[in-house]
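Single-structure report; data block below.
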Amino acid sequence: MILENGSSLTIKDKKDLITRNLQEVLGEDKLDEILKKRDLKIYWGTATTGKPHVAYFLPMSKIADFLKAGCEVTILFADLHAYLDNMKAPWELLQLRTKYYEAVIKSMLKALGVSLEKLKFVQGTEYQLSREYTLDVYKLASLVTEHDAKKAGAEVVKQVHHPLLSGLLYPGLQALDEEYLKVDAQFGGVDQRKIFTFSEKYLPALGYAKRIHLMNPMIPGLTGAKMSSSEEDSKIDLIDSASSVKKKLKKTFCEPGNIIDNVLLTFTKYVLFPLMKDNEGFEVLRSAEIGGNVSYRTYEDLETAFASQSLHPADLKSSVERYLNNLLDPIRKDFEEPSLKNLVQKAYPAPVKTKGPAKAKPVDETGPHQLDIRVGKIVSVKRHPEADSLYVEEIDLGEERPRTIVSGLVEYVPPEEMKDRLVVVLCNLKPAKMRGVESAGMVLCASRTEPKAVEPLSPPEGSQPGDRVLVEGYETGCPDTVLNPKKKVWETLQADLIVNSNGEATWKGCPLVSPRGRFTATTLKNVPIR
């Protein structure tokens, strides 16, 4: 059933639809003013890189709410942004991927039962290469500091020690999009918050109006971190088969009673419950021997049942699997169309296999043996003279003299807790200057995005400065003298470093160990290590 964009709704009804399930709204007073006069104009942007996955149902569910509230919605396919974000996708594929994104988003919204009458799609390069837009980019470049640009993109642009200038332009382009798309509001995940506040600071400096910003929570990945198109094990594709959905959900992190980092509960709260009619509930089908079927009328009832462990993870998984497949079935059917099948193959071509005899794996294949990770002891710590958020530490790593290392831990660990602390240090990054002070390593930390928290990893009891840290099962091989930044060895390996549900530091599920035991985080679990 297609739901029409309702002009019969009251202002309160429209606002309730626009803001329900959002994590944060910036500019609510302006939202109230506009709704008294007319319908809101909103845009949501997405970079056309990896394949959209089921986490896209979260923004699509909100876009459905916006359309039901009568909003004019623009979806921006940020092809230029996609290229600038460390060139994730080559130019020749971006056009094909834009077509794929449009087809799959239309199919998703159709599955959600919403009219597309007030929806339009725009490709970034339709206006971002114009003379006027280019001049505004130069104007912004004359106003924005490197610090502000890097800070704004910290959560969404790939962070490297020596960032490309293109990545620093990214936040400014996204801010200018608000003006050039002529919208009242921008919608995005809460990971975009720093870009949104950047926009609120700098658009008025160009003489443009400050916009409203609407933020969704983020869906954690199947393994506990953020769901990502680039991490196969963390996501379910929109055209995955039912058997593949079952297989991936079976491996999904879903600890009994844990309602904090639970992708299944998040999905039911922000996608499934908003789709339910007043007389419907979330149905869990169980055999009579284990209590029989049960229906939860509200998300709060479902969460309470799971927290109290009266609802078992296996029953939650099977129920989400059933509802998810109901949503995916019409999308799968749409993509059985030969033209769309062909589009998928062209937009996301399989890696080319070379003919001839199989080649032996190169001895320098990327692996955790390349990382020189050691236990260190902080012998002195002081504030960075040029950056309030940074410490400058002298760390004993069992070498002839301590190393100078700069860490962004001021907001998270007081100096008295840093002094004499044992930490875990990546020692073979290429030394880099951080606000004028050369840093010869990096303190490894468990890191949570929302609410923001950072905690240095803790070595096992009895550890000494210089103890080598290895990944269990990968003990052979010598670390690189210096990690080659061009080959992005650290960035590749870091993507699989995670603190698991037991608080243990792991790489691809294998614990980080030394002869004295395992490495841990005291307070953070199911988060990436950075």
Side-chain angles (χ1 to χ4, degrees), residues 1-10 12-22 39-44 46 51-75 77 100-121 187-189 214 216-217 219 236-242 245 263-285 295-299 302 319-337 340:
M1 180 180 71
I2 301 295
L3 300 175
E4 296 300 326
N5 304 325
S7 58
S8 60
L9 296 175
T10 66
K12 182 181 182 304
D13 291 337
K14 290 181 178 183
K15 183 180 178 182
D16 287 346
L17 271 173
I18 290 168
T19 59
R20 73 168 172 174
N21 285 334
L22 292 177
D39 290 327
L40 198 66
K41 297 177 182 178
I42 302 176
Y43 109 82
W44 174 74
T46 183
K51 279 186 183 178
H53 44 73
V54 295
Y56 272 61
F57 271 115
L58 186 59
M60 289 305 109
S61 179
K62 275 313 304 172
I63 286 171
D65 281 345
F66 298 152
L67 291 169
K68 291 171 191 174
C71 300
E72 296 178 25
V73 178
T74 298
I75 292 181
F77 295 129
Y100 174 77
Y101 269 66
E102 180 171 345
V104 83
I105 285 173
K106 284 180 177 177
S107 189
M108 291 177 77
L109 289 170
K110 187 170 69 173
L112 293 173
V114 65
S115 169
L116 308 186
E117 178 188 351
K118 299 185 78 171
L119 175 70
K120 69 176 180 179
F121 298 96
F187 164 63
L214 311 170
N216 248 1
I219 284 191
I236 295 172
D237 282 341
L238 294 165
I239 51 178
D240 271 353
S241 66
V245 171
V263 62
L264 303 178
L265 288 177
T266 304
F267 192 80
T268 58
K269 179 177 182 178
Y270 294 107
V271 177
L272 298 181
F273 271 96
L275 293 174
M276 292 178 182
K277 299 187 177 77
D278 291 340
N279 60 344
E280 288 182 330
F282 182 82
E283 303 288 338
V284 176
L285 307 182
S295 177
Y296 300 99
R297 293 291 174 181
T298 67
Y299 171 76
L302 175 68
S319 301
V320 170
E321 177 191 344
R322 189 177 73 254
Y323 281 103
L324 179 55
N325 277 318
N326 286 341
L327 282 175
L328 294 180
D329 279 341
I331 300 172
R332 294 176 184 133
K333 186 174 180 181
D334 285 347
F335 277 81
E336 289 173 3
E337 172 87 27
L340 290 180

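Index from 1, following the sequence. The figures here come from the full heavy-atom set of this structure, side chains too, leaving out hydrogens, waters and symmetry mates.
- Contact annotation: the side chain of L67 never approaches that of S115 to less than 4.5 Å [non-hydrogen atoms, C-beta and beyond].
- Rounded to the nearest 0.5 angstrom, L327 CG and L238 CG are separated by 10.0 Å.
- The shortest heavy-atom contact between G281 and Y323 is O-OH, 3.5 Å.
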* To do: Before giving the answer on side chain to side chain contact (heavy atoms under 4.5 Å, CB included), spell out for K68 and V114 the whole-Å C-alpha distance, their side-chain angles and the decisive distance to 0.1 Å.
  => CA-CA 7 Å; K68 291 171 191 174; V114 65; 4.2 Å; yes

* Asked: K41 and T74: side chain to side chain contact (heavy atoms under 4.5 Å, CB included), yes or no, with the steps?
  -> CA-CA 8 Å; K41 297 177 182 178; T74 298; over 6 Å; no

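- Here NZ of K333 is found 15.0 Å from CG of L328. Values are rounded to the nearest 0.5 Å.
- Within the model, atoms CD1 of I236 and NE2 of H53 stand 10.5 Å from one another, a figure rounded to the nearest 0.5 Å.
- Rounding to the nearest 0.5 Å places CZ of F66 at 9.0 Å from OG1 of T19.
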* Asked: Hey, mind stepping through K15 and T10 against side chain to side chain contact (heavy atoms under 4.5 Å, CB included) and telling me if it holds?
  -> CA-CA 9 Å; K15 183 180 178 182; T10 66; over 6 Å; no

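- If you check the side chains of Y56 and T46, you find a donor sitting under 3.5 Å from an acceptor.
- Without hydrogens or angle criteria, Y270 side chain to S61 main chain gives no donor-acceptor distance under 3.5 Å.
- Taking the six-membered ring where tryptophan is involved, the planes of F77 and Y101 are perpendicular, since the angle between them exceeds 60° and thus also 30°.
- Between K110 and D334 there is a salt bridge, since at least one side-chain N of the basic residue sits less than 4.0 Å from a carboxylate O of the acidic one.
- The side chain to side chain contact (heavy atoms under 4.5 Å, CB included) test with M60 singles out one residue from V271, D65, L109, and that residue is L109.
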* Would you sort out whether C71 and I18 count as a side chain to side chain contact (heavy atoms under 4.5 Å, CB included), showing the intermediate values? => CA-CA 9 Å; C71 300; I18 290 168; 3.7 Å; yes

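- Pairing each heavy atom of V54 with each of L324, the nearest pair is CG1-CD1, 3.9 Å.
- A salt bridge is defined here as a Lys NZ or Arg NE, NH1 or NH2 lying under 4.0 Å from an Asp or Glu carboxylate O, and R332 with D240 fails to meet this definition.
- Side-chain contact between F273 and N21: absent, with no pair of heavy atoms (C-beta onward) separated by less than 4.5 Å.
- In this structure a side-chain-to-backbone donor-acceptor pair under 3.5 Å is present from R297 to N279.
- Annotation for S107 and F335: closest pair CB-CE1, 4.4 Å, computed over non-hydrogen atoms.
- Electrostatic pairing of E102 and K106 counts as a salt bridge here, judged by a charged N lying under 4.0 Å from a carboxylate O.
- A side-chain donor-acceptor contact under 3.5 Å links R322 to the backbone of E283.
- The side-chain heavy atoms of L272 and Y299, taken from C-beta on, include no pair separated by under 4.5 Å.
- Of the inter-residue distances, the one linking S319 atom OG with F282 atom CZ reads 4.5 Å to the nearest 0.5 angstrom.
- When all heavy atoms are compared, the tightest approach of L340 to A103 is CD2-CB, 3.9 Å.
- Side-chain contact between Y43 and V73 is absent, with no heavy atoms from C-beta onward closer than 4.5 Å.
- Within the 4.5 Å cutoff, the side chain of I75 has heavy atoms near those of the I63 side chain.
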* From CA spacing to verdict: salt bridge (charged side-chain N to carboxylate O under 4.0 Å, His left out), K12, D16 -> CA-CA 6 Å; K12 182 181 182 304; D16 287 346; 2.8 Å; yes

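- Ring orientation note: the planes of F57 and F267 are nearly perpendicular, at an angle over 60° on the 30°/60° scale.
- W44 approaches G188 most closely through the heavy-atom pair CD1-CA, 4.3 Å.
- Here the closest non-hydrogen pair linking L112 and A64 is CD1-CB, 4.4 Å.
- Not one N or O on the side chain of K62 forms a donor-acceptor pair closer than 3.5 Å with the backbone of L22.
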